[in-house]
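Structure first, then comments.
Hydrogens, waters and symmetry mates play no part in the numbers below; they use all other heavy atoms, side chains included. We count ligands from 1, going down the list as the structure has it; atoms in each ligand are counted the same way.
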Amino acid sequence: MSAPASSRARPAGPGDGTPEQIHLTWGDDPARSMVVSWASPDQAVRPRVRIGQRVIPAEERAYTDGLNGQTVWTYHARVHGLRPGATYGYAVTADNDGSATDPFSATFSTAPEGRAAFRFTSFGDLATPNTNWVQSYGQSAYAVGAVESFQPLFHVLNGDLCYGDLNPGAQPDVWRDFGNNNQASAAYRPWMPVPGNHEIEFGNGPQGFASYLTRYTLPSNGTPGLEGRWYSYRIGSVLFVSLSADDVVYQDAGAFVAGPAALTPAPPHPPIPAGTSLYVRGYSGGAQTRWLETTLAAARRDASIDWIVAQMHQCACSSSRAGNGSDLGIREEWLPLFDRYEVDLVLCGHDHDYERSFPVRGFDIGAGSDAATGAAVDTRRPHPVTTVDSGVFDTSQGTVHLILGCGGTDANLDVFGVSRTQLEAKVFTRRNRPVAGGPPTSDPGVYARADADAVEDATWSARRDTATGYGIAVFDVNPGTEAGGQTSITVTHYHAVGADPVNPATGAPGAPTDDYTQFETFTLIRPRSDGRRWHAKQSTAAIST
Ligand SMILES: [Fe+2]
């Protein structure tokens, strides 16, 4: 695969300001604004975007990596005053752009205004195609190509972007390979990310998000000091709500030092002892959940918004056995709000597979048990409103969860839990600290992450892809034709059979592939909000088993 660092000839003068890692994100109003972001190897001189006759100066943001001491230069141009549903050409350059005579140029399209049909795509856990890096794999290049093949209006990227934290001496170089891989799509249509556990990096800010936050300019959440971590934006009749689940999950999955050696950063930072983890649960002090309730309530008062799609990295409904499973923190903190405000769809990553839930509402009390002792544990198991897999689901009656951690890492996790009679899910119900000397190691100086502490029968699990851990979900929004009528989203999941490095079911070795074929399709329906008086639901319709 490609080398980790550029060997391009540098221009004469004050460093190399050649734009790279060029990517788009929606501005605060996706119908009228767009943000163009990029990085350059050295500080850029007069970084700017040209669009039509306008020249828009870019804001500079830099950070110095807390582990290897490298300074990263990024640039962000906010383009306002655009027309809805229009396509624009743009160019990116600087005075010290090595390609100044023929600067990078591309096109983008703004969002439509009002109720309109559009397509978006989604996956998470992408990594980079540079196999020098831990967790990187060639499939991540084909995954970017898959986005382009479906030509969505935009792409939803569900966290664990590049796994810089697992390559602690070279975090900025991993991000660079990630950005340059994505540019083939993200320079042409917005890619909207959320932070995952692998965006939490030692030495890079209070939650470890400095690299993520420096590289992305995202819609405002109006929360001083916590901008960029969560946000919402509206496309047509759909509100997208992007959440930072690291704030609420119990599992301890940020950067940690496995040992036996300490992690030694560049001076002047002191060594980080083996067993240290960066656990950020509760970092917003409840601000994110308060913002979420305010945002959802406003959306349901708005007769022009039909759909609410939530995006987060970790999972409330995953039955991956090889991966992490589900987390009680999300179920406690956010699922009651998803019930009350009829969130239609939740897009996740984290487990490197594809899984779909039935529509769920409320929860079953006392359905879980301790993984070690078998004692009863209340996992607040989401309650399926139907277990008939009809292919058409009314999400005004229950929320559908999709696990889409199927981007491009080298660690497919498409092995699912089964007890003697039922599908089974692991559930984290308490903080799990890294364990010294535990399985799979017996070295007392080496730490490993503990598995989930509880299990439950996964009555909510509707469909699991056991053929491969790689794929992409494609969503087509049909706004409907009349006030008070029905609107729908058709979802088709395409998967890359044969891409698993080793197929867990057959043991057959695989290789990266561009051959994405249909796995399943289903349709979500709900009544339009312009002909309906909406009433908040009970917050937690508990159902005893
Ligand atoms: Fe993850």
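Here the protein contributes D160 OD2, N197 OD1, H313 NE2, H350 ND1 as N, O or S atoms under 2.8 Å from the Fe ion (ligand 1).
Cation-pi geometry between R119 and F150 is not satisfied (NZ or CZ under 6.0 Å from the ring centre, within 45° of the ring normal). Both the sub-6.0 Å distance and the 45° axial angle are satisfied by R356 relative to the ring of F522.
You'll find the ring centres of H23 and W191 outside the 6.0 Å limit.
Residues passing the ring pair (Phe, Tyr, Trp, His ring centres under 6.0 Å) test with F338, sequence neighbours excluded: none. Residues forming a ring pair (Phe, Tyr, Trp, His ring centres under 6.0 Å) with F178 (at least two apart in sequence, or on another chain): W175. Residues that satisfy the ring pair (Phe, Tyr, Trp, His ring centres under 6.0 Å) test with H350, not counting sequence neighbours, are H313.
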